[in-house]
Amino acid sequence: MLLEVKNLHAQVAEEDKEILKGIDLTVNPGEVHAIMGPNGSGKSTFANVLAGREDYEVTEGQITFDGEDLLEMEPEDRARAGLFLAFQYPVEIPGVSNKLFLFTAVNAVREARGLPPLAMDEFEALAAEKMKMLKMRPDMLERSVNVGFSGGEKKRNDMFQMAMLEPKLAVMDETDSGLDIDALKVVADGVNRLRDGQRSFIVVTHYQRLLDYIKPDYVHVLYNGRIVKSGGFELAQELEEKGYDDIIRQFSE
Amino acid sequence: MAETQYQEIDTLLQKNSFYKEGFYTQTVVDKLEKGINEDVIRAISAKKNEPEWMLQWRLQAYHHWLTMKEPHWAKAEYAPLDYQDYSYYAAPQCASCATDHDATEDEDALIDPEVAKAFEALGVPLDDDAEIAVDAIFDSVSIKTTQREKLKELGIIFCSFSEAVQEYPDLVRKYLGTVVPYHDNFFAALNAAVASDGTFVYVPPGVRCPVDISTYFRINEAKTGQFERTLLIADKGSYVSYIEGCSAPIRDTYQLHAAVVEVIVHEDAEVKYSTVQNWYPGDEDCEGGILNFVTKRGLCEGRNSKLSWTQAETGSAITWKYPSCILKGDNSIGEFYSVALTNRRQQADTGTKMIHIGKNTRSTIISKGLSAGKSDNTYRGLVKIMPSAEGARNYTQCDSMLIGDKCGAHTFPYIEVENPTATVEHEATTSRIGEDQLFYFKARGIDEEDAISMMVNGFCKEVFKELPLEFAQEAEELLKISLEGSVG
Ligand SMILES: Nc1ncnc2c1ncn2[C@@H]1O[C@H](COP(=O)(O)OP(=O)(O)OP(=O)(O)O)[C@@H](O)[C@H]1O
Ligand SMILES: [Mg+2]
């Protein structure tokens, strides 16, 4: 078992507003889980709580990641331990080149894993290979992180970081939103290549299209802070056809 | 942005109670009693064995100073200073060494070994083979000027200001006070009256100075004002890169530093003037830090002359400083590249003045203000295009970065254009290191200290690339120390 979430409750820090109301989820090595659900249901909040964002306060429940108590870990330590979050809205970091940013990140993660740091030329060779795979222009490496990148380029840049950091668990928050069809294929292809039987994925999405390429093992519906329905890939197809109306009717308070 | 995040950054910044240059050197000191009056000025002049014209100039300045008011218009608050509570002259005296300073054959013999040790600890090379020629100033006096013989062969004069008064009186008289007259402002007048020592540089026509020339200021004695005077002249077609560095021990009272720098650039000559300032900023509340009131001005006298000011200001409790260019020669160029970082309760009011007089004169201003803690950081700049400055151009870029939510950034650009053919461009941005950005770094395994340091260095890059290489590194290090409190 790679990730085990038990009865997770979370609220906005210093506000009495509960967003996650008891989530249970188990992810084994090599599995791909899709999380779907209407806007505002708590998908991004869940992803951010996993990554350790301090805006949210966990009020109840446990999370175990790779045998460790995830909630006790600092966000950077979670990343070093192999948890990766691809953001719904990747931020811009003016003045810091993609190269320096990722070089620092890769070596921080390697250090935590007891690996020797990559020299700049080794890093560059690896980066060039991954960028080619993701069909990114080489000059993206020299530009400031996400600054002036188009929406799709930002998403692809997050995928590039994921490919470089080789996480154990990748949480992808709507990585497919805003991508054109070709880019979607590239991203799905990138994910599929990273599937090695050990690496796991949690893919948050609104659309079946990405799932068609990735073929998740499980599909969950998150609604109003809870996972209200789980199933196989066929659940995604069902949702695509019928929408969330049934579920909302069934579970609204 | 959540309060908690800022508190965290705050804590991080507070760790910076560490000022590694804050040691004190035990020496035998020749120091004047506290206070300022005509006798004190005569005494300073006498100690330096100055010619009559120099004494008269000092006295003139002193009497003018008495008529002036301490300025408080800058966005920096300080209680009026008690000028009688400072000593205006302090020189380390080596008990075991010869007392008179005329045997310059073997200068090392004259240096108090304790003082030499202090400079070594500060990383200032006092040997003659370094990549850089150094004038080391300890309290009021220049201790040693290195590589002067080597430079002399090229006709370059590099010595202390007091020596120049003795040995090159004609040059000093010709240029002293021509760019910053003694009556220019309150602190310039005070400086002229009690100027202790400083650096004198003259580069003859057509000579490119082969090494960087540098002055290192060290305030050691308590309650001693430092009033150095720097005079730098680049004759026709010459080039020189000059670097200034400074430090002071930790004190619990304010120490006053009021320097004057005058630069004269003749036809086709170029001067690069770089400063890395890390005077002691004081304790958590900036009590006891250095009050840095400096007048720096250059005159681009000849055609095609060029003067660049580059500064990285990270220290002092209060900084009040506007390195300026008077662009008199046609086609002359003035540049100002500045990084000013304030933390805790530091206050910096800094900027530049570009006065365009000649035709087709050009100026560039790049200012990066970083505010953290409870500090205030102000850019104040004047771009003035005189009626004669046909085709003059200025480009100003003024960026502020806020770290935390208790600090302030302020921008006061003054623009006066009196010639319609001129182009003046001004751009300004303010950004804040946000929680979203910090989280993005962390989510990739990079901790907060490295994240802030990367963003800050990215923000300052344009300015740091103008600094001489070894100084660019020092400046980056300084920012790291000033911001993160990490040792070394
Ligand atoms: N920092 C915050 N402060 C206040 N409310 C928040 C905060 N973060 C999330 N919320 C609220 O929590 C709910 C869940 O938000 P979340 O972003 O997790 O939804 P989502 O499922 O990702 O939606 P979408 O599909 O639109 O991306 C929303 O009502 C949102 O407004
Ligand atoms: Mg979302």
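Just so you know, these numbers use all the heavy atoms, side chains as well, and skip hydrogens, waters and symmetry mates. Below, chain A is the first sequence line, B the second, and so on; all start at residue 1. All figures in this text were calculated on a predicted structure; none of them were measured in a lab.
For the atom pair A/E54 CD and B/F439 CZ, the distance stands at 8.0 Å (nearest 0.5 Å). Note: B/R444 CZ to A/M164 CE = 13.0 Å, rounded to the nearest 0.5 Å. Rounding to the nearest 0.5 Å gives a distance of 8.0 Å between CE of B/M454 and CD1 of A/I93.
Around NZ of B/K272, the count of heavy atoms belonging to other residues, nucleotides or ligands within 6.0 Å exceeds 12. Within a 6.0 Å radius of CZ in A/R199, other residues, nucleotides and ligands contribute more than 12 heavy atoms. Heavy-atom neighbours of B/R393 CZ from other residues, nucleotides or ligands within 6.0 Å: at or below the threshold of 12.
With a 4.5 Å cut-off on non-hydrogen atoms, A/V145 touches chain B through its side chain but not through its backbone. Of the two parts of A/L165, only the side chain, counted from C-beta on, holds a non-hydrogen atom closer than 4.5 Å to a non-hydrogen atom of chain B. Contacts of A/E111 with chain B are absent, with no heavy-atom separation under 4.5 Å from either backbone or side chain. In this structure, chain B has heavy atoms under 4.5 Å from both the backbone and the side chain of A/P90.
A/A79 approaches B/K442 most closely through the heavy-atom pair CB-O, 3.6 Å. The two residues A/A108 and B/G445 make their nearest non-hydrogen contact at CB-O, 3.3 Å.
Interface residues of residues 121-138 of chain A toward chain B, defined by a heavy-atom distance below 4.5 Å: none.
Using cut-offs of 30° and 60° for the angle between ring planes, the B/Y440 and A/F101 rings count as parallel.
Between B/D436 and A/R53 there is a salt bridge, since at least one side-chain N of the basic residue sits less than 4.0 Å from a carboxylate O of the acidic one.
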Residue pair A/R80, B/D447: steps toward the side-chain contact (heavy atoms from CB on, under 4.5 Å) verdict: CA-CA 10 Å; A/R80 292 169 191 169; B/D447 65 30; 3.9 Å; yes
